[in-house]
A.B. asks: 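Starting off with a structure, shown below.
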Amino acid sequence: MADGGLKAIFLAQRPMLLRLLVARLGNREDAEDVLQDMWLRIDRLAAQPVAQPAAFLYRVAANLATDRRIATGRRGARDAVWIDSQPQADELPDAERTLMAQRQWQEVEGAIADMPERMATALRMFRLEDQSQRAISEHLGISVSGVEKLLQRAYRKIHDRLDRFAEDSETARRQHEERGADRAG
């Protein structure tokens, strides 16, 4: 079936696909995001023949819904770990921690400055401007899953940079202690 035919069937089946996705995902916003992803996939298929286009569309919708639920579960688990790792009230920062936090923030700013522009823009819009991933996707002209991938790569770059910073700080601390022991001994 030609690309235009698959798109026409998608448009005709859109209300039913939306109902299916709302039932599977639990909310209309996620269902709309999946439909947008479906449209982009159909657009990329070009003129590839599809024997049963309606069945194909429903299978794609089901697969994307499953992928979305898995991603949401992972995101929830990651957020729970993040919340659990936050300092307790009795762990108020002292001068050393404050200085270390300032240095870590400089590393984060450096990591963001080194990111490709679209990645940095997506991160700023999501974390600093509290924009939804859908709004970011519209601003950047990419799919919501594309925004998720940009954010994942941005978080990885920041995490890697902070890991290197922690390793360098630990090495410097050990060298300082060794020099102090050499002077005392």
Side-chain angles (χ1 to χ4, degrees), residues 24-27 29-34 36-38 40-41 44 60 63-185:
R24 290 203 175 190
L25 296 171
N27 67 66
E29 185 176 310
D30 285 345
E32 290 283 353
D33 288 346
V34 169
Q36 178 187 5
D37 289 344
M38 281 183 69
L40 294 172
R41 286 178 188 232
R44 283 182 270 176
V60 169
N63 290 344
L64 288 174
T66 299
D67 292 348
R68 175 63 61 117
R69 280 195 324 267
I70 290 169
T72 299
R74 287 180 181 158
R75 194 169 32 256
R78 182 186 63 233
D79 290 348
V81 169
W82 171 254
I83 289 169
D84 290 343
S85 70
Q86 297 305 301
Q88 300 300 315
D90 61 343
E91 298 175 336
L92 294 174
D94 56 16
E96 183 180 359
R97 286 186 184 162
T98 301
L99 181 59
M100 185 61 80
Q102 289 172 343
R103 289 181 181 163
Q104 286 175 331
W105 181 247
Q106 290 171 346
E107 290 297 319
V108 169
E109 288 177 330
I112 293 171
D114 292 343
M115 288 179 189
E117 184 59 33
R118 284 170 46 129
M119 185 183 296
T121 299
L123 182 67
R124 282 188 193 101
M125 288 178 74
F126 188 69
R127 285 293 176 188
L128 301 178
E129 298 172 15
D130 202 27
Q131 296 288 320
S132 69
Q133 291 183 3
R134 180 181 254 332
I136 297 167
S137 72
E138 291 170 2
H139 177 77
L140 296 177
I142 59 175
S143 69
V144 174
S145 64
V147 171
E148 288 176 358
K149 290 174 186 168
L150 277 175
L151 291 172
Q152 288 171 355
R153 289 196 312 263
Y155 296 145
R156 173 56 46 205
K157 285 183 177 291
I158 291 170
H159 181 73
D160 291 347
R161 181 94 169 234
L162 289 175
D163 280 350
R164 285 192 304 273
F165 172 73
E167 290 170 6
D168 292 346
S169 296
E170 181 61 22
T171 301
R173 185 190 63 76
R174 272 189 264 132
Q175 288 173 347
H176 179 72
E177 288 175 356
E178 288 171 5
R179 276 183 268 163
D182 289 344
R183 288 183 191 146

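Bear in mind that the values here come from a model prediction, so they are computed numbers and not experimental data. Only this structure's heavy atoms are used, side chains among them; waters, hydrogens and symmetry mates stay out.
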A.B. asks: With a 3.5 Å cut-off and no angle check, do the side chains of E117 and T121 form a donor-acceptor pair?
C.D. replies: yes
A.B. asks: Assess the residue pair D37 and R41 against the criterion (salt bridge (Lys or Arg N to Asp or Glu O under 4.0 Å)); give the C-alpha distance rounded to whole Å, side-chain angles, the decisive distance to 0.1 Å, and a yes or no.
C.D. replies: CA-CA 6 Å; D37 289 344; R41 286 178 188 232; over 6 Å; no
A.B. asks: State, to 0.1 Å, how close R134 and S137 come at their nearest heavy-atom pair, and which atoms those are.
C.D. replies: O-OG, 2.7 Å
A.B. asks: So with a 6.0 Å cut-off around CG of D84, is the heavy-atom count from everything else above 12?
C.D. replies: yes
A.B. asks: Quick one: does L150's side chain get under 4.5 Å of L123's, heavy atoms only?
C.D. replies: no
A.B. asks: About how many Å separate NE2 of H139 and CZ of R118, when rounded to the nearest 0.5 Å?
C.D. replies: 10.0 Å
A.B. asks: If I take atom CD from residue Q133 and atom CD from residue E29, how far apart are they, to the nearest 0.5 angstrom?
C.D. replies: 9.5 Å
A.B. asks: State the CE-CG distance between M38 and D33, to the nearest 0.5 angstrom.
C.D. replies: 13.5 Å
A.B. asks: Side chain to side chain contact (heavy atoms under 4.5 Å, CB included) between M119 and L151: does it pass, once the steps are laid out?
C.D. replies: CA-CA 7 Å; M119 185 183 296; L151 291 172; over 6 Å; no
A.B. asks: Find out whether R161 and V108 are in side-chain contact, i.e. whether some heavy atom of one side chain is under 4.5 Å from a heavy atom of the other.
C.D. replies: no
A.B. asks: Return the CD to CZ distance between E148 and R74, rounded to the nearest 0.5 Å.
C.D. replies: 11.5 Å
A.B. asks: Search all heavy atoms of A65 against all heavy atoms of V34 and return the closest pair with its distance.
C.D. replies: N-CG1, 4.5 Å
A.B. asks: On a heavy-atom basis, which atom in Q36 and which in S143 lie closest, and how many Å separate them?
C.D. replies: NE2-CA, 4.4 Å
A.B. asks: So do V144 and I136 actually touch side chain to side chain, heavy atoms under 4.5 Å?
C.D. replies: no
A.B. asks: Is a side-chain donor-acceptor pair under 3.5 Å present for Q131 with R124?
C.D. replies: no
A.B. asks: Determine whether more than 12 heavy atoms belonging to other residues, nucleotides or ligands lie under 6.0 Å from atom CZ of R75.
C.D. replies: yes
A.B. asks: Just so I know, are the side chains of Y155 and R127 near enough to count as touching, which here means a heavy-atom distance under 4.5 Å?
C.D. replies: yes
A.B. asks: L25 and R69: side chain to side chain contact (heavy atoms under 4.5 Å, CB included), yes or no, with the steps?
C.D. replies: CA-CA 7 Å; L25 296 171; R69 280 195 324 267; 3.8 Å; yes
A.B. asks: Taking the side chain as every heavy atom from C-beta outward, state whether E107 and R164 have any atom pair closer than 4.5 Å.
C.D. replies: no
A.B. asks: Test side chain to side chain contact (heavy atoms under 4.5 Å, CB included) on W105 and E109 and set out the steps.
C.D. replies: CA-CA 6 Å; W105 181 247; E109 288 177 330; 2.8 Å; yes
A.B. asks: Grab the two heavy atoms, one from L140 and one from A122, that are nearest each other, plus how far apart they are.
C.D. replies: CD1-CB, 4.0 Å
A.B. asks: To the nearest 0.5 Å, how far apart are OG in S145 and CD in Q152?
C.D. replies: 10.0 Å
A.B. asks: So, taking the atom named CZ in R68 and the one named CG in L64, what distance separates them when rounded to the nearest 0.5 Å?
C.D. replies: 8.5 Å
